[in-house]
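Read the structure below first, then the notes.
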Amino acid sequence: MDYQFKDIEQKWQQFWAEHKTFRAENTTNKPKYYVLDMFPYPSGAGLHVGHPLGYIASDIFARYKRLKGFNVLHPMGYDSFGLPAEQYAIQTGQHPSVTTEANIATYRRQLDQIGFSFDWDREVRTSSADYYKWTQWIFMQLFNSYYDKDADKAQSIAKLVEHFENNGSAGINAVCDDETLTFTADDWKAFNKQEQQAELLKYRLTYLRESTVNWCPALGTVLANDEVKDGFSERGGYPVEQKKMMQWSMRITAYAQRLLTGLDHIDWPEPLKEMQRNWIGKSVGASVRFPISLSPALSEGEGAGKKVSPNGGDLEGAHYIEVFTTRVDTVFGVSFLVIAPEHELVAALTTPGQKTDIDAYITQTKKKSELDRMADTKTVSGAFTGSYVTNPLNGTQIPVWIADYVLAGYGTGAVMAVPSGDQRDFLFAKHFNLPIIPIIDIQNIEAEADPTKEGKYINSDFINGLGYKEATAAVVAKLDELGLGKAKVNFRMRDAIFGRQRYWGEPVPVYFKGNLPYLIEEQHLPLLLPEIDKYLPTESGEPPLGRATDWSYKPQESRDKNQEEATYAYELSTMPGWAGSSWYWYRYMDANNDKEFASREAIEYWKDVDLYIGGSEHATGHLLYSRFWNKFLKDLDLVVEEEPFKKLINQGMIQGRSNFVYRLIDDEGKGTNTFVSHGLIKEYKTSPLHVDVNIVENEVLNLNKFKEFRSEFANAEFILENGKYICGVEVEKMSKSKFNVVNPDDLISRYGADTLRMYEMFLGPLEQSKPWNTNGIEGVFKFLRKFWRLFHDAEWNFTVSNEVPNKAELKSLHKIIQKVEQDIERFSFNTSVSSFMIAVNELTDLKCNKRAILQELVITLAPYAPHICEELWVMLGNPAGSISTAAYPKFNPAYLVEDEFSYPISFNGKVRTNISLSLTLEQSDIEAAVLANADVQKQLNGKAPKKVIVVKGRIVNIVI
RNA sequence: GCUCAGAUGGUGGAACUGGUAGACACGCAGGACUUAAAAUCCUGUUCCCGUUAAAGGAGUGCGGGUUCGAUUCCCGCUCUGAGUACCA
């Protein structure tokens, strides 16, 4: 029979499912290998050809590792909580679980027909209660923990309570919202329960606090920083504004340093690590305190000499402005201070004379949206508060300004401005006519600031004449001595906002008593998502869960006593999309466990993910949060590895490749029904028009299908070149509106899954982004037919011989055995596909149908094209399904050695002659033979060579 | 602006640590088979010059360098893509 891919693929997919061929065991003697894909959000659109790219690569790798004798865990699931299902529910009233279910069914069907070797017994769905029970459970562990800086790990909150009871706040070195509050053990005991809870909330790793959040009015919810791109929501592209709200947050900042150092120990792409480093944004510098001076107006007369703010307001104990700087060495160049318009001391620092200016400026800043503020980086603006601070090192009076280029959210929201060394400060100083003090001898500050670290300091008191390093050390030491500054590390990363005002997410297992959050009892997990009638926020602006009729908690004690009155309202917001995906790889280890999130045994066996394949768009979201949760779970000794994903590969994005037709424009400028082929558009006036890529083949438009494409084209006429209509091409995002979506289902029904799998790999390097282009899939399909033909005679009868293979055949086979092994280990699947084509071409030329060769070839190809290989494997007389546990053929380098070899010799770098030599010659003989060769002698022309270059025992170049 | 990645035929792309650039595939051209088409198979295909065959020259974004020898290493530049952006 000819190659009938449809029958073959259906047969084997069914076989694998029925026999659970790819089930992974948690107990075996084999070494483990965990291959993970980023699980998909099941969207309504289904899969397009870009989605399976990474899955195919990981599947090849997983199948290959099985052949190499590993017990491979290769699971799949769905990240099924999320916005689109909810938006759809709002529009249609359809419950999100219904759409989600339907979408999962589509995904499953599409995944199955590509022939992946997933262990479906371990499937997880983040939206199913037996999964999110454990997401809620981990939330509870976070709530019950604080970060101990001395131990550098998370600890139980009970330990903190114990410490407070015995020692008060003294001796606690923990990550906390408000480090200034101190109390004794007696104070603590005197606090009532409410006050104690309020204090503990400042330490908990997940906590509730009023914070500025990214509020998206269109979506009616807050978004995390990584979900906002350029002032718009990542999903939907709606505008995002800043708003103060009580919000759940995750204290990821406690882990900033560990998240940073951990990057050095994992095998991830460097660009991705770099993105995480930038996101964490560590800067090493110093904090410096500038004592607030009396305003000149108040330095005489009534109130003179009193530590009050210039406008008579209370400074609440703050007698200085604290700034963060990475260039403390430039402190003598400070000519003004700038604080953010939102800075808490602005009101207190504003003198009566400056009040109008400052108020006007603040109003103006507030009006500017976040987006304008970002776009407008050219204009210099600001206002003088009227107040001064004192330079702690030389007593200079320094004016305090406000300006929106200083961000309230970073550092202390205040900067010391050094116009000679910082360009923004320079522009500000020029604009407002403030002094610019040169502080380094080689500085050139004619036209712009010069941030050099070379040269010697000038105008800088005790560091004059020093270099950068010594100066920095000297300044830090001096500030430390004065108690006005110290070395400090600052991180850009903020705590992650954890609450979402949405319905379709995990309910937060928390109820409120006296406005403070308390955890529900563990035996009441999971806290099920309630049914509601509509998915919009309530009329009073509460999140959708506010619509639930019985959304309140009865603690166990009141349940026991059957007390009706003791019920407490549950939290109304739900968890963000990243909650469920921040630990899912552990669930796969023990997916059906209803006692624990995963058993200790399972975790100790599988440990971590050996290979993770997914897109780089998750760099600062999922991949960072996952590392954070993993480290937390490690601190609690619930998991065994510090980092969850040992090796990570980013598959490139598949872009769309749009085709265009060119409509002829008539003299009046109106579009006609005539279309001009791409090569001729310069000679006509035309306008481009997207055309469905599925009716274009190798840029040639199928004219009949085009006439059916839209009714208006039924009578279309064409101006052709060489009898064909050639379409234009452009690379764009894959989207329905651009008619460039290629559906894997179509390709599979035309060419089969094996062809699709190999073609996706053949397209180019896995990690490179590239436009999808179906041109060329024929080549892979032809290859598989050729491969099939190797096992058959001219009448398509299965015919293999038991003859002993000859040297040429063994050479072809072992070349491919070695190549595939090397390529898979290097993740360069595309060149392997080429090598298969070469091998099969060679064996076809040799008319080789020998069992010994073909059997091994089938195993080698099986990870790429599993269906056809399973079929041939059985035809070769092996038991069905056993190919997945076969052993990868052993490479024997002896077969690659040739009897005779030929290679080129260059003279002065130019190739002049080709030489053939017998391998029976000894190494030394080879060199002599080359020099004695007639062609070589002719080139040398009787002279002795100046130099002879030998590479791997061969003379490759002779310098005359 | 900063950080990172990249630039090789008509196209996708090969070339592992510097050693015959363009593997493999697509496309294109020619041929075989066929009444014809499709499918299949064979041959050619970096460019220039030339041709019966040859022989020669140039060539991996641009300019320089190191080297017997550079797509590969170094310096400078141009362009493309990605991330990030008043981060003090």
Side-chain angles (χ1 to χ4, degrees), chain A residues 2 229-230 269-275 277-279 281-283 285 323-328 330 338 373-380 403-407 409-418 421-425 427-428 451 490-493 616-617 619-620 650 652-653 655 697-700 722 729 731 759 762-765 767-780 782-783 785-786 789 819 822-823 826 828 830-838 841 902-911 914 945-952 954-960:
Chain A
D2 196 355
K229 293 268 177 305
D230 301 329
E270 203 46 51
L272 199 117
K273 287 192 190 179
E274 200 57 33
M275 277 161 76
R277 285 192 195 106
N278 288 339
W279 189 262
K282 179 178 179 173
S283 351
V323 304
F324 175 75
T325 177
T326 52
R327 288 296 301 275
V328 72
T330 63
V338 188
R373 215 168 137 167
M374 283 198 294
D376 183 20
T377 58
K378 297 273 184 310
T379 336
V380 178
D404 64 5
Y405 79 83
V406 175
L407 306 172
Y410 182 74
T412 58
V415 305
M416 56 178 226
V418 184
D422 182 284
Q423 186 59 16
R424 287 156 312 169
D425 298 346
L427 293 173
F428 198 87
N490 213 14
F491 292 97
R492 186 162 81 205
M493 185 168 62
S616 60
E617 66 272 19
T620 52
N650 288 129
M653 277 254 293
Q655 295 138 305
E697 204 156 330
N698 287 319
E699 320 327 337
V700 179
N722 304 325
V729 179
V731 173
Y759 184 62
F762 183 66
L763 215 48
E767 305 195 54
Q768 192 175 300
S769 287
K770 56 227 157 198
W772 176 266
N773 186 351
T774 311
N775 300 349
I777 196 169
E778 296 274 355
V780 174
K782 272 189 221 164
F783 156 76
R785 291 193 56 181
K786 252 188 205 171
R789 195 174 314 139
K819 179 77 173 145
Q822 285 173 351
D823 282 352
R826 284 191 296 146
S828 109
N830 55 326
T831 50
S832 270
V833 177
S834 294
S835 307
F836 281 122
M837 294 181 177
I838 298 169
N841 280 342
S902 135
Y903 68 94
I905 300 212
S906 12
F907 294 85
N908 293 342
K910 299 269 182 196
V911 179
N914 230 47
K946 264 192 203 147
K947 200 172 170 186
V948 178
I949 314 293
V950 183
V951 175
K952 290 178 195 157
R954 300 176 185 187
I955 297 176
V956 294
N957 194 24
I958 297 172
V959 187
I960 305 170

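All chains are named by letter (A, B, ...) in the order of the sequence lines, taking the proteins before the strands, and each is independently numbered beginning at 1.
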Query - Least distance between heavy atoms, Ala403(A) atom then Phe428(A) atom - result: CB-CE1, 3.7 Å
Requested in this report: Answer yes when Arg789(A) and Asp2(A) have at least one side-chain N-carboxylate O distance shorter than 4.0 Å, and no when they do not.
Outcome: no
Requested in this report: Determine which nucleotide pairs with A70(B), using a 3.5 Å limit on both distances of a Watson-Crick or G-U wobble pair.
Outcome: none
Requested in this report: Could you check whether Ser906(A) gets within reach of a base, just the sugar-phosphate, or nothing at all, counting any heavy atom under 4.0 Å?
Outcome: nothing
Query raised in the report: Counting side-chain heavy atoms from C-beta on, which of A15(B), G19(B), A88(B) comes nearest to Asn957(A)?
Result: G19(B)
Query raised in the report: Of the nucleotides A88(B), G13(B), C24(B), which one has an atom closest to the side chain of Met837(A)?
Result: C24(B)
**Report entry** Side chain of Arg789(A) (C-beta onward), nearest among C41(B), A23(B), A88(B)
**Finding:** C41(B)
Report summary line: Of the listed C86(B), G83(B), A25(B), the closest approach to the Met275(A) side chain comes from G83(B)
Query - Minimum-distance nucleotide (side-chain atoms of Val956(A) versus G19(B), U40(B), C24(B)) - result: G19(B)
**Report entry** Identified pairing partner of G18(B), criterion: Watson-Crick or G-U wobble below 3.5 Å
**Finding:** none
Requested in this report: Searching all strands shown, indicate the nucleotide that pairs with C79(B) (Watson-Crick or G-U wobble; both distances under 3.5 Å).
Outcome: G6(B)
Query raised in the report: Roughly how far apart, to the nearest Å, are A25(B) and U46(B) at atom P?
Result: 15 Å
Query raised in the report: Salt bridge check: are Arg277(A) and Glu270(A) linked by an N-O gap of less than 4.0 Å?
Result: yes
Query raised in the report: When you measure from the side chain of Lys782(A), which nucleotide among C16(B), C24(B), C26(B) comes out closest?
Result: C26(B)
Query raised in the report: Considering only heavy atoms from C-beta outward, does the side chain of Arg492(A) approach that of Asn278(A) to under 4.5 Å?
Result: yes
Report summary line: When both distances are under 3.5 Å in a Watson-Crick or G-U wobble arrangement, the nucleotide paired with G44(B) is C28(B)
Report summary line: Of the candidates C16(B), C24(B), A88(B), the side chain of Leu407(A) sits closest to A88(B)
Report task. Classify the nucleic acid contact of Ile949(A) as base, sugar-phosphate or nothing, counting any heavy atom under 4.0 Å across all strands shown. Result -> base
Query raised in the report: Of the nucleotides C4(B), A88(B), C86(B), which has the atom closest to the Ser283(A) side chain?
Result: A88(B)
Report task. Fit a plane to each ring of Phe783(A) and Phe836(A), take the angle between them on a 0 to 90° scale, and name the class: parallel (under 30°), tilted (30 to 60°) or perpendicular (over 60°). Result -> tilted
**Report entry** Rounded C1' spacing from A15(B) to G22(B) in Å
**Finding:** 9 Å
Query - Distance, C1' atom - from U35(B) to C24(B), rounded to whole angstrom - result: 37 Å
Requested in this report: Could you check whether Phe762(A) gets within reach of a base, just the sugar-phosphate, or nothing at all, counting any heavy atom under 4.0 Å?
Outcome: base
Report task. Check whether any side-chain heavy atom of Val780(A) sits under 4.5 Å from a side-chain heavy atom of Phe762(A), and report yes or no. Result -> yes
Report task. From the options C68(B), C87(B), A15(B), select the nucleotide whose nearest atom is closest to the side chain of Val959(A). Result -> C68(B)
**Report entry** Interatomic distance at P, A55(B) relative to U45(B), whole Å
**Finding:** 14 Å
Report summary line: Between CZ of Arg492(A) and P of C86(B) the distance, given in whole Å, is 9 Å
Report summary line: Pairing partner of U51(B), by Watson-Crick or G-U wobble and under 3.5 Å for both distances, is none
Query raised in the report: What is the pairing partner of G1(B), taking Watson-Crick or G-U wobble pairs with both distances under 3.5 Å in any strand?
Result: U84(B)
Requested in this report: Between U20(B) and C26(B), how far apart are the C1' atoms? Round to whole Å, please.
Outcome: 25 Å
Query raised in the report: Closer to the 5' end of RNA chain B via nearest nucleotide, is it Thr326(A) or Glu274(A)?
Result: Glu274(A)
